[in-house]
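Letters A, B, ... are given to chains in the order of the sequence lines, protein chains preceding strands, and every chain is numbered from 1.
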There are 2 protein chains.
Amino acid sequence: MPKNCNFIEKLREVGLRPTKQRIKMCEVLYNREDTFHFTINDLVKMISEEMNEKISLATVYNTVHAFEKKGYLKEISINSDKSYFDTNTSAHHHFFDEDTHQLIDCDKSDIDKINIRKNITGKKINSVEVLVRVASDNQTQK
Amino acid sequence: MPKNCNFIEKLREVGLRPTKQRIKMCEVLYNREDTFHFTINDLVKMISEEMNEKISLATVYNTVHAFEKKGYLKEISINSDKSYFDTNTSAHHHFFDEDTHQLIDCDKSDIDKINIRKNITGKKINSVEVLVRVASDNQTQK
DNA sequence: CAATAGTTTAGAATTATTATAATGTAGATT
DNA sequence: AATCTACATTATAATAATTCTAAACTATTG
Ligand SMILES: [Mn+2]
Ligand SMILES: [Mn+2]
Ligand SMILES: [Zn+2]
Ligand SMILES: [Zn+2]
């Protein structure tokens, strides 16, 4: 979703009613310079801090999943106890900092295009994602 | 861990006491032709079916994590509600069948070696993993 | 054969997430 | 504009994976 676009229109376009809560969430998620990664908890905090709105946890979950289904959010594969989401919905790869639990985008120049030679009969490829786990240099050794 | 090796020795080597439970789990995990992927639930089922042993759930969790820490198991990054583990501890990539929730190994010929050009200062790369999500061809369309 | 540190266990606690079901509301219909 | 209805929101309960607890057990050491 582009910054400062007509969220009401955008929501209607994909068949989602532009409710107060969804518009607020659009503002929190998309009205900023850069895309970012977040957990549900992060998002709840952002909503209550940046806005003076209280949106119920269930609605935050519902809306995040609705946006994901409509292609306005992506879920990132990290085996952690919680889910991470990304407002950058283009195909891209990630670094995951195991110390801080922060996700960092790779851009195209960082990793060559992945070429998959194997194909599984009857199955189509939905996504190809690289996760590069990094950690402080002086953690495993010493 | 090689098939039919001396598990008692192998456990002692890494400072784990060779308890009845750990030896049983070694047998279930490593005494077979091929490596495989499993969830904790899968493993509990295997233990009670293949062996006539009952190992408490807490011990299964403890032991899986102990084996993981010692490098005898790998955890696979899938954004799912549960964790997946792998008895193949070599660096390799995966297909994940979103219909059946099955993991399939990629071998070296399937995906070229990933070359990471970006580096994050003060951080070292712990792992580079590709996850290829696949699903039935006639699921998204029609 | 003690002593001790590490291990197992049942069950409780925790945590992220989803389900429920009552209330509210956007958008259509009159 | 009032009414209708399908969709949304909400507080709360339920679920499910995982971790914690603390008591009982056991492998190893001396
Ligand atoms: Mn999801
Ligand atoms: Mn783990
Ligand atoms: Zn990203
Ligand atoms: Zn594997």
**Asked** Which word best sums up how the rings of A:Tyr84 and A:Phe96 line up, parallel for under 30°, tilted for 30 to 60°, or perpendicular for over 60°?
**Response**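 Rings of A:Tyr84 and A:Phe96: perpendicular, as their planes differ by over 60°.
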What is the separation between atom [atom1] on [X] and atom [atom2] on [N], rounded to the nearest whole Å?
X: B:Lys69; N: C:dG6; atom1: NZ; atom2: P; value: 13 Å
X: B:Lys24; N: D:dT26; atom1: NZ; atom2: C1'; value: 17 Å
X: A:Phe38; N: C:dA16; atom1: CZ; atom2: P; value: 16 Å
X: A:His101; N: C:dA16; atom1: NE2; atom2: P; value: 12 Å

Less than 4.5 Å apart, side chain to side chain, heavy atoms only: is that true for [X] and [Y]?
X: A:Leu73; Y: A:Tyr30; answer: yes
X: A:Phe36; Y: A:Leu29; answer: yes
X: A:His92; Y: A:Lys74; answer: yes
X: B:Asn126; Y: B:Lys124; answer: yes
X: B:Phe85; Y: B:Leu103; answer: no

**Fill in**
B/S/- along nucleotides 8-18 of chain D (protein heavy atoms under 4.0 Å) is SSBB-----SB
Anything under 3.5 Å between a protein N or O and an N or O of nucleotides 1-3 of chain C, put it in a table, one pair a line.
none

**Request:** Scan A:Asp105, A:Asp42, A:Asn88 and name whichever one has a side-chain hydrogen bond (donor to acceptor under 3.5 Å, both in side chains) with A:His37.
**Result:** A:Asp105
**Prompt:** Within a reach of under 6.0 Å around CG of B:Asn52, are more than 12 heavy atoms found that belong to other residues, nucleotides or ligands?
**Reply:**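 Not more than 12 within 6.0 Å, no.
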**Asked** Do any side-chain nitrogens or oxygens of B:Arg12 fall under 4.0 Å of OP1 or OP2 in D:dA27?
**Response** no
**Asked** So how far off straight is the helix from C:dC1-D:dG30 to C:dT30-D:dA1, going by the axes through five pairs at either end, to 10°?
**Response** 20°
**Prompt:** Hey, mind stepping through A:Asp107 and B:Lys118 against salt bridge (charged side-chain N to carboxylate O under 4.0 Å, His left out) and telling me if it holds?
**Reply:** CA-CA 9 Å; A:Asp107 40 59; B:Lys118 184 176 190 167; 5.2 Å; no
**Message:** Can a donor-acceptor pair be found, under 3.5 Å and without considering hydrogens, that links the side chain of A:Asn79 to the backbone of B:Ile76?
**Reply:**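 Looks like yes, one N/O pair under 3.5 Å.
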**Item:** Any donor-acceptor N or O pair under 3.5 Å, side chains B:Thr87, B:Arg32
**Value:**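 No pair is found: no donor N or O on one side chain lies under 3.5 Å from an acceptor on the other.
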